[in-house]
Amino acid sequence: MMSASAPVTVQMPDVSELTMPQPDPLVEALSLFASESSGIAARIQELERSHLERMETAAAKLRDQIAAHLQNQHRAEFQSGIQVLREEFEERLRLATAQWEAERQSLLNQARHRNSSKLAREVEQTEATLQALQQKIQAMLNDPTVELSRVMQEKARQQHLQAYLKGLKFDV
């Protein structure tokens, strides 16, 4: 029951409270979702960047390995090719040397043959000259009118011819 002394007042809501919308529980959830999705997107981008860096590093490492392998392979092929060329060159050199030596021997034999016939003629002529000089010296010694200096000159000439003949015979 109501007492008469206290007036009853009913509280009426304020107009501003009635016109002000109440906070929507979805806005806060949406804001949290947007914040979380931004974080997730940033992490995804970071993962993509990290993955891209690792892929680039792996690709560079693989490129270097392939380049090194190809260099080694080409170096081995190059060395093999050089070895083949060296062996071919050495074989050609051996054949050319053998051919040159055969031609040299042939030319030497021809020269010796020509020289030996020339040399034999020269030996014969020198021996004949020495024989004639010996007879001349003997005749000069038997002739008392011949000066001794002339006999000595002819004797010196005889010695020179004998030395020359020894040299010719040494070459034969």
Name the atoms and distances for all side-chain donor-acceptor pairs under 3.5 Å in residues 60-74, with sequence neighbours left out.
unit_1: Asn72; atom_1: OD1; unit_2: Arg75; atom_2: NH1; d: 3.1
unit_1: Asn72; atom_1: ND2; unit_2: Ala68; atom_2: O; d: 3.3

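- Annotation: Glu91, atom CD; neighbour count of heavy atoms from other residues, nucleotides and ligands within 6.0 Å is above 12.
- Other residues, nucleotides and ligands contribute only 12 or fewer heavy atoms inside 6.0 Å of the CZ atom of Arg86.
- Grouping Ile, Leu, Val, Met, Phe, Trp and Tyr by side-chain contacts under 4.5 Å, direct or through others, leaves Leu85 on its own.
- For Glu46, the side chain to side chain donor-acceptor pair (under 3.5 Å) partners are Arg49, not counting sequence neighbours.
- Hydrophobic cluster membership for Leu52: none, as no Ile, Leu, Val, Met, Phe, Trp or Tyr side chain comes under 4.5 Å of it.
- Under the side chain to side chain donor-acceptor pair (under 3.5 Å) criterion, Arg104 pairs with Glu101, not counting sequence neighbours.
- Residue Leu93 is found in a hydrophobic cluster whose other members, listed by chain and number, are Phe89; membership requires side-chain heavy atoms under 4.5 Å apart, directly or through intermediates.
- Remark: of the listed residues Glu154, Lys155, Gln159, Glu154 is the sole one forming a side-chain contact (heavy atoms from CB on, under 4.5 Å) with Arg157.
- The stretch residues 29-45 participates, sequence neighbours left out, in no side-chain hydrogen bond (donor to acceptor under 3.5 Å, both in side chains) pair at all.
- Alongside Ile44, the hydrophobic cluster contains Ile40 (criterion: ILVMFWY side chains under 4.5 Å).
- No side-chain N or O of Gln79 forms a donor-acceptor pair with one of Gln83 less than 3.5 Å apart.
- Under the rule for a side-chain contact (heavy atoms from CB on, under 4.5 Å), the partners of Gln99 that lie at least two apart in sequence or sit in another chain are Glu103.
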Under 3.5 Å, which donor-acceptor pairs link side chains of residues 124-135 to any protein atom two or more places apart or in another chain?
unit_1: Thr126; atom_1: OG1; unit_2: Glu122; atom_2: O; d: 2.8
unit_1: Glu127; atom_1: OE2; unit_2: Lys169; atom_2: NZ; d: 3.0
unit_1: Thr129; atom_1: OG1; unit_2: Gln125; atom_2: O; d: 2.8
unit_1: Gln134; atom_1: OE1; unit_2: Gln158; atom_2: NE2; d: 2.4

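- Partners of Thr145 according to the side chain to side chain donor-acceptor pair (under 3.5 Å) rule, which considers only residues two or more places apart in sequence or in another chain, are Asp143.
- Partners of Glu88 under the side chain to side chain donor-acceptor pair (under 3.5 Å) rule, at least two apart in sequence or in another chain, do not exist in this structure.
- With respect to the salt-bridge test (charged N to carboxylate O, under 4.0 angstrom), the residues Glu147 and Arg150 do not qualify.
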